[in-house]
Amino acid sequence: MSSIVPFKHVNGVEAYLVLDKPLYKPGGEAKAHILLENRGNERSLRVRLVDEKNAVQADKTVNLKEGERVVDITSVSLIEQPGVHRLKLYLDSTVVDEVAYITADPSSRRPVKVAFVWHNHQAPNYDPAGRYHADWAFSYVYKDILKPYGRGPYHYHTVLLENHPSYHATFNLSPSLLYQWDMAVKGRVVFKDGRVLPRESDEVKLVEETLKSYIEFAREGRIDVLTSVYAHTILGFLTDVLDAPDVVAEEVAYGVKVSKEVLAGYEPLGFWTPEMAFSMKLVKILQDNGLEYTVLDDANHFYYSEGERGTHYEPYILLDPSTRSHITVFFRDSYLSNVLSFQNNFVSELHAWRNAYEFAYMVAGKWLEKAAKIVTVALDGENWMAFSKNPPLTAYFSDRLLLYLEALSDFNFIKTTHLREALEEVPARRVLTNIPTNTWLGTFNKWRGEVAEQEKHWTRVAEALRLLRAYENMIQGRDSYSASARYALWHALDSDYWWSEFWSPGVINAWLDEAYRVLQDRLGKVRVVDVMVRGDLYMGGECELVASVENNLDRDVKVSILVDSYVVRDIAGAPRQVVLKARTVNNVAFRVRATSAGEAPVSILLLSDSSVVSSYTRSLYVAQRLPHNPR
């Protein structure tokens, strides 16, 4: 469905009905706005408003010139009985539109908190050499995507904050997005085709202005800014399928660092979980990084959670019983969030206005749910606008929506808030002890399964992780080389590159190749270079094998060395643990016993973290032993 309320076009006239707000005190009156645009010849129309009791609230004639747009405002009496009521718009004898509104006493309960969480993110759109292959981090600021109402989505969000002073919201400014903005401000953006984004250009000045606006709004307490992992990785997949919680933990720490630096010291408390790809293994990682809360999905997380579950319109303490770590979780209203995300293809300003009213009514309806404390609406901050069939009208819609929410706030029905405020205003009381590993889609198939080629690339990722583990185990820690490999892996694993519709194997492979290059070069400097046999070898007899092992690294390493052969076995029976000094060749001797006769290969395997790092194979001949003479 392209929009909540479909485009309404009757006999050449576009027509809708909206009210000045969707929720009223009893005994008042509403201002009905009859929205008309004549897309045909000049005409006169009989316009009527009829309530649910068939009382005529308005009956008038409207004259429309060719191409004319009219917004006719009429006072209507409200039905005083608390509850949901309806009002119909007739053009001549045809019902064209019908709106709902709510009558209620705002003093009968506390206002409902409404938390918009806008996920502004971009993949790190540069290659290992630092050259940019896409400009979305910048063009979504300065391009006239939303003209005539605004520029790019990232900038327009700051315009909305400026124009609506009572509006509070939460923004995830992903660390990789912030990094790219910072590079633009410092004049360090060069594209692969040779283009440069000059520091003094109007485009970069708008990027800098936009960044400063977010920082200032955060300092004022108007917005809460979340942090995240550096790139946009599907964390639950990394922890549970690839068994890489250490990679996740390091990338989370790096993301926090980038956020603090680029946001001029702002301390993020909240964390955006990319794709809401959550795992319980993230709880301790987040707490260890000083992060207190995140947002997950009601449909795919809340309803399958375990513990003191009430309504998804309140925050929860999520306790990991295995580590005693905890964070707070807000659950988004997936229906409202997906309506904004995907039902935003508006045809005209009037159509966008009508849909803004309808969405405001849907939000207002939560006031009737007595258990509702906070309604969280969380979605991409840029893509719902940029991917619309008519992006400018999403800007018009947003402005109209905030006007409606402000009107509801004026009467104490709702209050927009951000998550940092919400923790103080609506503290978590109930405890959950488990949330299953899942995403906002209810599956990981979007990133592994919808494109056949994805599996081959995940296998490459697993191999890169094997090499990383082997190297770090060999050096008994981490160094600048393993840090470079991890950095490359973060980039390769950004979920935007793996999303089936945006499948980007070229980018993935560029970063995986970088990780492979670093790790294979380092691992290749530790190798078995020769195997010597000391003494003749007979069936059932013993001899000594001597492996020459070279360490050309500039540091000591620890490895295991194993004899693997069908014809001999190591008498010690276990791999030899050896420390190889930096830049040395070491001879390691094995006492072996022949178990079969004949010629067969014998291999010396160099192991680290149970992985083969190097091997050397030579042929070995085992002679038969003759029995002793009878006398």
Side-chain angles (χ1 to χ4, degrees), residues 118-147 150-162 171-219 223 225-232 251 254-266 268 272 274 380-383 385-387 391 395 487-488 490-491 494 496-497 502 504 507 510-511 514:
W118 302 108
H119 170 42
N120 289 344
H121 69 293
Q122 284 298 328
N125 291 314
Y126 47 85
D127 64 17
R131 299 167 300 180
Y132 284 76
H133 53 79
D135 68 354
W136 293 309
F138 321 114
S139 62
Y140 277 18
V141 174
Y142 62 74
K143 269 193 176 179
D144 291 329
I145 297 170
L146 305 177
K147 187 179 180 179
R151 304 288 291 273
Y154 296 142
H155 178 257
Y156 189 70
H157 277 293
T158 67
V159 173
L160 289 172
L161 288 162
E162 190 70 39
F171 291 86
N172 175 45
L173 301 176
S174 73
S176 55
L177 173 64
L178 288 175
Y179 171 82
Q180 290 172 92
W181 283 357
D182 190 48
M183 289 299 98
V185 170
K186 292 175 178 176
R188 299 178 187 172
V189 175
V190 179
F191 292 94
K192 294 182 73 172
D193 61 6
R195 289 182 298 123
V196 175
L197 197 57
R199 167 71 187 87
E200 65 280 359
S201 66
D202 291 340
E203 291 82 359
V204 171
K205 288 178 181 177
L206 191 62
V207 170
E208 185 173 21
E209 174 191 313
T210 300
L211 176 57
K212 287 181 176 179
S213 292
Y214 282 114
I215 293 172
E216 189 59 34
F217 284 126
R219 285 175 176 165
I223 67 173
V225 180
L226 308 181
T227 188
S228 190
V229 285
Y230 177 71
H232 197 257
E251 190 180 357
Y254 188 78
V256 172
K257 177 177 178 289
V258 170
S259 293
K260 289 180 180 179
E261 290 176 353
V262 181
L263 294 173
Y266 179 83
W272 179 267
D380 287 357
E382 69 288 278
N383 289 340
M385 305 181 97
F387 292 173
Y487 184 77
W490 301 344
H491 290 68
D494 190 289
D496 287 353
Y497 300 141
F502 306 124
S504 305
V507 178
W511 284 104
E514 177 67 9

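Because only heavy atoms are used, hydrogens play no part in the values below, and waters and symmetry mates are left out as well, while side chains stay in.
The two residues Glu382 and Asn120 come nearest to each other via the heavy atoms OE1-CA, 3.4 Å. Shortest non-hydrogen contact noted between Gln180 and Asn125 is OE1-N, 3.3 Å. The shortest heavy-atom contact between Ala123 and Asp496 is N-OD2, 4.0 Å. Shown here for Ala218 and Val225, the closest heavy-atom pair between the two residues is CB-CG2, 4.0 Å. Nearest heavy atoms, Asp127 versus His133: N-CD2, 4.1 Å. The two residues Pro175 and Val229 have their closest heavy-atom pair at CD-O, 3.4 Å.
Judged as a side chain to side chain donor-acceptor pair (under 3.5 Å), and not counting sequence neighbours, Arg219 has no contacts. When the salt bridge (charged side-chain N to carboxylate O under 4.0 Å, His left out) test is applied to Glu514, the partners found at least two apart in sequence or on another chain are Arg517. Residues forming a side chain to side chain donor-acceptor pair (under 3.5 Å) with Glu261 (at least two apart in sequence, or on another chain): Lys257. Qualifying side chain to side chain donor-acceptor pair (under 3.5 Å) partners for Trp118, counting only residues two or more places apart in sequence or in other chains: Tyr167. When the salt bridge (charged side-chain N to carboxylate O under 4.0 Å, His left out) test is applied to Lys205, no partner is found at least two apart in sequence or on another chain.
Ring orientation note: the planes of Trp490 and Tyr254 are tilted relative to one another, at an angle of 30° to 60°. Using bins of under 30°, 30° to 60° and over 60° for the plane-to-plane angle, the ring pair Tyr154/Trp181 lands in the perpendicular bin.
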| task | Would you please test Arg195 and Tyr132 for side-chain contact (heavy atoms from CB on, under 4.5 Å) and show each step? | result | CA-CA 9 Å; Arg195 289 182 298 123; Tyr132 284 76; over 6 Å; no

| field | Pair Ser259-Thr227, side chain to side chain donor-acceptor pair (under 3.5 Å): steps then yes or no | value | CA-CA 6 Å; Ser259 293; Thr227 188; 2.7 Å; yes

| said: Run the side-chain contact (heavy atoms from CB on, under 4.5 Å) test on Ile215 and Tyr266 for me, step by step, so that the C-alpha distance in whole Å, both residues' side-chain angles and the decisive distance to 0.1 Å come before the verdict. | reply: CA-CA 8 Å; Ile215 293 172; Tyr266 179 83; over 6 Å; no

| query | Between Tyr142 and Asp202, is a side-chain contact (heavy atoms from CB on, under 4.5 Å) present by the stated rule, with each step listed? | reply | CA-CA 9 Å; Tyr142 62 74; Asp202 291 340; over 6 Å; no

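Taking the six-membered ring wherever Trp is involved, the centroid distance between the rings of Tyr497 and His491 does not fall below 6.0 Å. Note: Phe217 and Phe171 fail the aromatic proximity criterion, with ring centroids not under 6.0 Å apart. You'll find the ring centres of Tyr179 and Tyr126 inside the 6.0 Å limit.
Judged by distance alone, the side chain of Glu251 and the main-chain N or O of Ala231 form a donor-acceptor pair under 3.5 Å.
Distance check, rounded to the nearest 0.5 Å: CG of Asn383 to CH2 of Trp136 gives 9.5 Å. Interatomic distance, His155 NE2 to Leu146 CG, rounded to the nearest 0.5 Å: 10.5 Å. Rounding to the nearest 0.5 Å places CD of Glu203 at 6.5 Å from CG of Leu197. Separating the CD atom in Glu208 from the CG atom in Asp182 is a distance of 10.0 Å, to the nearest 0.5 Å. Atom CD1 of Ile223 and atom CD of Glu216 lie 10.0 Å apart (nearest 0.5 Å).
Test Asp135, Leu211, Leu206 against Val141 for side chain to side chain contact (heavy atoms under 4.5 Å, CB included) and you get one pass: Leu206. Applying the ring pair (Phe, Tyr, Trp, His ring centres under 6.0 Å) test between Trp272 and each of His119, His232, His121 identifies His119 as the sole match.
Side-chain contact between Pro268 and Leu226 is absent, with no heavy atoms from C-beta onward closer than 4.5 Å. Contact check for His157 versus Tyr214: side-chain heavy atoms found under the 4.5 Å cut-off. Taking 4.5 Å as the limit, some side-chain heavy atom of Ser228 sits within range of a side-chain heavy atom of Asn172.
Pairs passing the salt bridge (Lys or Arg N to Asp or Glu O under 4.0 Å) check and including a residue from residues 138-147, sequence neighbours excluded, read Asp144-Arg151.
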